Amino acid sequence: MSPAPTGSSAERPSIGRRTVLGAAAAVASAPALLGLSTPASAAPSSAAPRALTGGGDLGPNVIVFDPSTSGIQAKLDEVFRQQESAQFGTGRYALLFKPGTYNGLNAQLGFYTSIAGLGLSPDDTTINGDVTVDAGWFNGNATQNFWRSAENLALVPVNGTNRWAVAQAAPFRRMHVRGGLNLSPNGYGWASGGYIADSRIDGQVGPYSQQQWYTRDSAIGSWLNGVWNMVFSGVEGAPAQSFPNPVYTTLNTTPVSREKPFLYLSGSEYRVFLPERRTNARGVTWGNGTPRGTSLPLSQFYVAKPGVSAATLNQALTQGLHLLLTPGIYHVDQPIQVNRAGTVVLGLGYATLTPDNGVTALKVADVDGVRLAGFLIDAGPVNSATLVEVGPQGANTDHSANPTTVQDVFVRIGGAGAGKATTSMVINSRHTIVDHTWIWRADHGTGVGWDTNRADYGIVVNGDDVLATGLFVEHFNKYDVQWYGQRGRTIFFQNEKAYDAPNQAAVQNGSVKGYAAYKVGDAVTTHEGWGLGSYCYYNVNPAIVQHNGFSAPNKPGVKFHDLLVVSLGGQGQYEHVINETGSPTSGTSTIPSTVVSYP
């Protein structure tokens with residue numbers, strides 16, 4: 001996401017591309033593989049692998065506190081110092097707080113750091129203090145505050161308002177802020193988040209400079225303002241529908257939702273809670289007794305550590321275990337194959353899968369109720385045809401009663417080093433819910449260039465009845481989103497076209513200027529989207545013209561609400577918003593062109 005100023009055009013400074021940060025640290029050598037089968041010297045090659053056991057410790061990068069722990073603030077500060085500016089580093093951390101009350105803390109979160117309570121309800125774990133994200137490391141610019149999260153805590157902010165100045169891939173889930181929430185950095189610099197779900201903010205949410213934001217199934221005291229694209233579904237206290245002035249898109253409920261799985265303590269036993277599916281959801285899932293859902297003991301999970309092989313992960317799945325990926329980087333030389341209905345793959349602390357030799361990192365069979373949550377997939381230097389596949393090609397089983405969910409599963413191509421993938425994420429299974437993802441072809445970092453981190457397509461949806469809530473997809477060489485399934489729905493979409501196209505010919509799509517950010521297939525008869533935005537910043541060649549941000553068949557059942565396109569500082573322009581509809585962007589004023597309803 002590129003910074004873009006707010007305020008009147010006369011106040012707007014020129015817009016700069018994200019500063020290219022230093023080269024990423026080399027990936028640390030992996031520790032010894034875990035869970036190896038019996039060595040060949042000890043058994044015939046035909047011997048079955050030794051059975052893997054579930055449970056176990058969570059490893060050195062999961063740091064668990066209880067109210068009696070000494071030196072909590074010092075440990076939080078130590079992790080923050082390491083992670084504050086380590087945008088493409090290898091450190092990964094989960095900071096977990098046992099139920100109880102903690103006083104006088106300020107947990108500042110840097111890159112690849114997750115903080116979470118270990119109660120069944122956020123109110124079981126109260127911090128009289130703050131969980132802070134700010135942008136001092138980047139001179140007050142919050143547009144690169146990626147890859148960090150807060151979950152399942154109650155906060156009583158010291159000054160009455162907690163600061164959470166984030167950009168993409170930084171979810172705020174299942175939180176209770178007993179006060180206000182400020183989504184901008186100190187000094188109100190640029191910001192480009194963000195996502196809130198299943199949270200209660202008793203006071204006011206102030207986005208200030210945040211360009212876009214999505215809030216789902218939550219409760220807020222009030223909401224202060226909007227810049228381009230503020231979207232709400234199922235939010236008690238949300239402002240009324242008013243796009244484009246103010247820029248609020250408000251749905252009374254979320255059609256289908258199922259909250260992200262989370263780790264908690266039952267006595268001294270770790271368990272994973274699996275919230276139940278809701279239809280026409282509104283408000284939080286917690287606060288009135290035990291939350292609705294089921295739970296699994298940690299003994300039913302293979303607790304993976306960095307360095308484990310893909311073969312061992314697949315052995316665990318074949319045995320019937322779920323996967324808990326502890327923080328770190330996992331190289332996989334074959335796809336992780338999720339074939340069993342109801343399987344949970346849960347990452348902690350931005351556990352990262354990197355495919356080797358061009359394989360697909362993870363594949364899911366066409367089965368009910370798989371839950372993928374809380375991890376990052378980082379493309380490798382050898383091109384992968386795909387990075388994540390939910391369901392095989394042609395999948396058509398009805399999963400309406402128990403869908404697969406993909407939540408806080410993030411994809412990156414380049415930035416931490418050269419990476420390539422033709423298509424990042426493919427959704428083939430019907431009724432899949434993609435609930436908050438950021439699929440990003442890097443525009444800065446190392447291994448970045450038009451063909452260096454080549455990635456033609458972001459997400460391709462072939463399955464019918466798929467719902468996306470909080471879809472962030474950016475900078476792909478061709479289409480960012482292609483949707484071929486019937487009855488698809490998207491609530492909130494944020495996009496930037498690739499910055500680095502060298503010329504018009506490089507993005508020419510037949511006779512059409514540029515590839516739409518969001519393309520609905522010509523054969524689709526029913527599709528609907530709410531609160532969708534696409535931005536262009538062709539800084540290599542500002543003369544490039546994008547015909548439109550959105551392309552869809554002209555059919556009565558294909559409907560869009562509250563669309564916008566923006567030229568950031570005049571670096572490239574759009575001719576239309578959707579198809580041939582909507583005014584062109586023009587000049588350098590960074591003013592959106594909007595379409596309230598299409599057709």
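Throughout, residue positions are numbered sequentially from 1 according to the sequence presented. What you see is a predicted model; the values in this text were computed from it and never measured.
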Chemist: Does a salt bridge link R292 with E276, judged by any charged N lying under 4.0 Å from a carboxylate O?
Modeler: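 Judged by the 4.0 Å cut-off on N to carboxylate O distance, R292 and E276 do form a salt bridge.
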Chemist: Less than 4.5 Å apart, any side-chain heavy atom of E259 and any of R216?
Modeler: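 Touching, per the 4.5 Å side-chain cut-off.
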Chemist: Taking P157's backbone N and O only, do any of them form a donor-acceptor pair with N162's side chain (distance below 3.5 Å, no angle check)?
Modeler: no
Chemist: With respect to L323, which candidate in L346, I336, V303 satisfies the side-chain contact (heavy atoms from CB on, under 4.5 Å) definition?
Modeler: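 The passing option is I336.
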Chemist: May I ask you to check whether R174 and N152 show a side-chain donor-acceptor distance below 3.5 Å?
Modeler: yes
Chemist: Once salt bridge (Lys or Arg N to Asp or Glu O under 4.0 Å) is applied, what residue pairs with a partner in residues 108-126 remain, sequence neighbours excluded?
Modeler: D123-R178
Chemist: Who are the ring pair (Phe, Tyr, Trp, His ring centres under 6.0 Å) partners of F273, not counting sequence neighbours?
Modeler: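 Scan of F273 (ring pair (Phe, Tyr, Trp, His ring centres under 6.0 Å), adjacent residues dropped) gives F262.
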Chemist: Quick one: side-chain hydrogen bond (donor to acceptor under 3.5 Å, both in side chains) partners of S199, sequence neighbours excluded?
Modeler: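 side-chain hydrogen bond (donor to acceptor under 3.5 Å, both in side chains) check on S199 returns nothing, list empty.
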Chemist: Do D77 and Q108 pair up side chain to side chain, a donor and an acceptor below 3.5 Å, judged on atom types alone?
Modeler: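 Side chains of D77 and Q108: no pair found under 3.5 Å.
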Chemist: Run the salt-bridge test on R173 and D198 with the 4.0 Å N-O cut-off and return the result as yes or no.
Modeler: no
Chemist: Would you call R271 and E269 a salt bridge, taking side-chain N to carboxylate O under 4.0 Å as the test?
Modeler: yes
Chemist: Would you check, one step at a time, whether the test side chain to side chain contact (heavy atoms under 4.5 Å, CB included) holds for F97 with I72?
Modeler: CA-CA 10 Å; F97 286 75; I72 297 176; 4.1 Å; yes
Chemist: Can you list the residues that meet the ring pair (Phe, Tyr, Trp, His ring centres under 6.0 Å) rule with H176, with sequence neighbours excluded?
Modeler: W286
Chemist: Could you tell me whether a side-chain N or O of T254 sits under 3.5 Å from a main-chain N or O of S233, the two making a donor and an acceptor?
Modeler: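 Side chain of T254 to backbone of S233, a donor-acceptor pair under 3.5 Å: yes, one is there.
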Chemist: Would you call T113 and L95 a side-chain contact if the rule is heavy atoms closer than 4.5 Å?
Modeler: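 The answer is yes, as the side chains (C-beta and beyond) meet within the 4.5 Å cut-off.
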Chemist: Is H431 close to I433 at the side-chain level, that is, under 4.5 Å between some pair of heavy atoms?
Modeler: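 No, too far: nothing below the 4.5 Å cut-off.
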Chemist: Of R278, R282, R258, which meets salt bridge (charged side-chain N to carboxylate O under 4.0 Å, His left out) against D217?
Modeler: R278
Chemist: Under the criterion side chain to side chain contact (heavy atoms under 4.5 Å, CB included), I'd like the reasoning laid out for V332 against T354: C-alpha separation, chi angles, the key distance, then a yes or no.
Modeler: CA-CA 6 Å; V332 294; T354 299; over 6 Å; no
Chemist: Shortest non-hydrogen contact from T125 to G119?
Modeler: OG1-N, 3.8 Å
Chemist: Under a 4.0 Å threshold between the charged nitrogen and the carboxylate oxygen, would R81 count as salt-bridged to E78?
Modeler: no
Chemist: Keeping the roles fixed (side chain from D130, backbone from V158), state whether a donor-acceptor pair exists under 3.5 Å.
Modeler: yes
Chemist: Quick one: does L52's side chain get under 4.5 Å of Q315's, heavy atoms only?
Modeler: yes
Chemist: Could you check F492 against F472 for ring-ring contact (aromatic ring centres under 6.0 Å, His included), going step by step and ending with a plain yes or no?
Modeler: CA-CA 8 Å; F492 183 88; F472 298 73; 4.9 Å; yes
Chemist: Within the structure provided, determine whether Q494 and V473 are in side-chain contact (heavy-atom separation under 4.5 Å).
Modeler: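 Not touching, per the 4.5 Å side-chain cut-off.
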Chemist: Would the distance check show the side chain of R340 and the main-chain N or O of L321 forming a donor-acceptor pair, the cut-off being under 3.5 Å?
Modeler: yes
Chemist: Report the C-alpha separation of L317 and V338 in whole Å, then their side-chain angles, then the decisive distance to 0.1 Å, and conclude whether the side chain to side chain contact (heavy atoms under 4.5 Å, CB included) test is met.
Modeler: CA-CA 7 Å; L317 292 168; V338 180; 4.2 Å; yes
Chemist: So, Y112 versus W147, ring centres under 6.0 angstrom or not?
Modeler: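 Between Y112 and W147, the centre distance is under 6.0 Å.
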Chemist: Would you say the side chain of Y214 lies within less than 4.5 Å of the side chain of T469, judging by non-hydrogen atoms?
Modeler: yes
Chemist: Taking the ring of F410 and the ring of H436, is the distance between their centroids below 6.0 Å?
Modeler: yes
Chemist: Only counting residues at least two apart or in another chain, list the ones meeting ring pair (Phe, Tyr, Trp, His ring centres under 6.0 Å) with F80.
Modeler: none
Chemist: Quick one: does N145's side chain have a donor or acceptor within less than 3.5 Å of a partner on A165's backbone?
Modeler: yes
Chemist: Residues two or more places apart in sequence or in another chain: which of them pass side-chain hydrogen bond (donor to acceptor under 3.5 Å, both in side chains) with Q82?
Modeler: Y93
Chemist: Given side chains that start at C-beta, do those of V64 and D66 come closer than 4.5 Å, heavy atoms only?
Modeler: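 Not touching, per the 4.5 Å side-chain cut-off.
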Chemist: Check for a donor-acceptor pair, side chain of Q168 on one end and backbone N or O of F146 on the other, with a separation under 3.5 Å.
Modeler: no
Chemist: Report the C-alpha distance between R371 and H322 in whole Å, list the side-chain angles of each, state the deciding distance to 0.1 Å, and finish with yes or no for side chain to side chain contact (heavy atoms under 4.5 Å, CB included).
Modeler: CA-CA 10 Å; R371 303 181 196 229; H322 306 275; over 6 Å; no
Chemist: Side chain of R148, backbone of S114: donor and acceptor closer than 3.5 Å?
Modeler: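 No; judged by distance alone, with no hydrogens or angles, the pair does not exist.
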Chemist: Quick check against the 3.5 Å criterion: does S309 have a side-chain atom that pairs as donor or acceptor with the backbone of T312?
Modeler: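 Such a contact is found between S309 side chain and T312 backbone.
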Chemist: Evaluate the ring-ring contact (aromatic ring centres under 6.0 Å, His included) criterion for residues F172 and W164: first the C-alpha distance (whole Å), next the side-chain angles of each, then the deciding distance (0.1 Å), finally the verdict.
Modeler: CA-CA 9 Å; F172 196 81; W164 185 255; 5.1 Å; yes
Chemist: Less than 4.5 Å apart, side chain to side chain, heavy atoms only: is that true for N339 and V364?
Modeler: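 A side-chain contact under 4.5 Å is absent here.
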Chemist: For the side chain of T161 and the backbone of N182, is there at least one donor-acceptor N/O pair under 3.5 Å apart?
Modeler: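 No, because the side chain of T161 does not come within donor-acceptor range (under 3.5 Å) of the backbone of N182.
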Chemist: What pair of heavy atoms forms the shortest contact from A351 to T326, and how long is it?
Modeler: CB-O, 3.6 Å
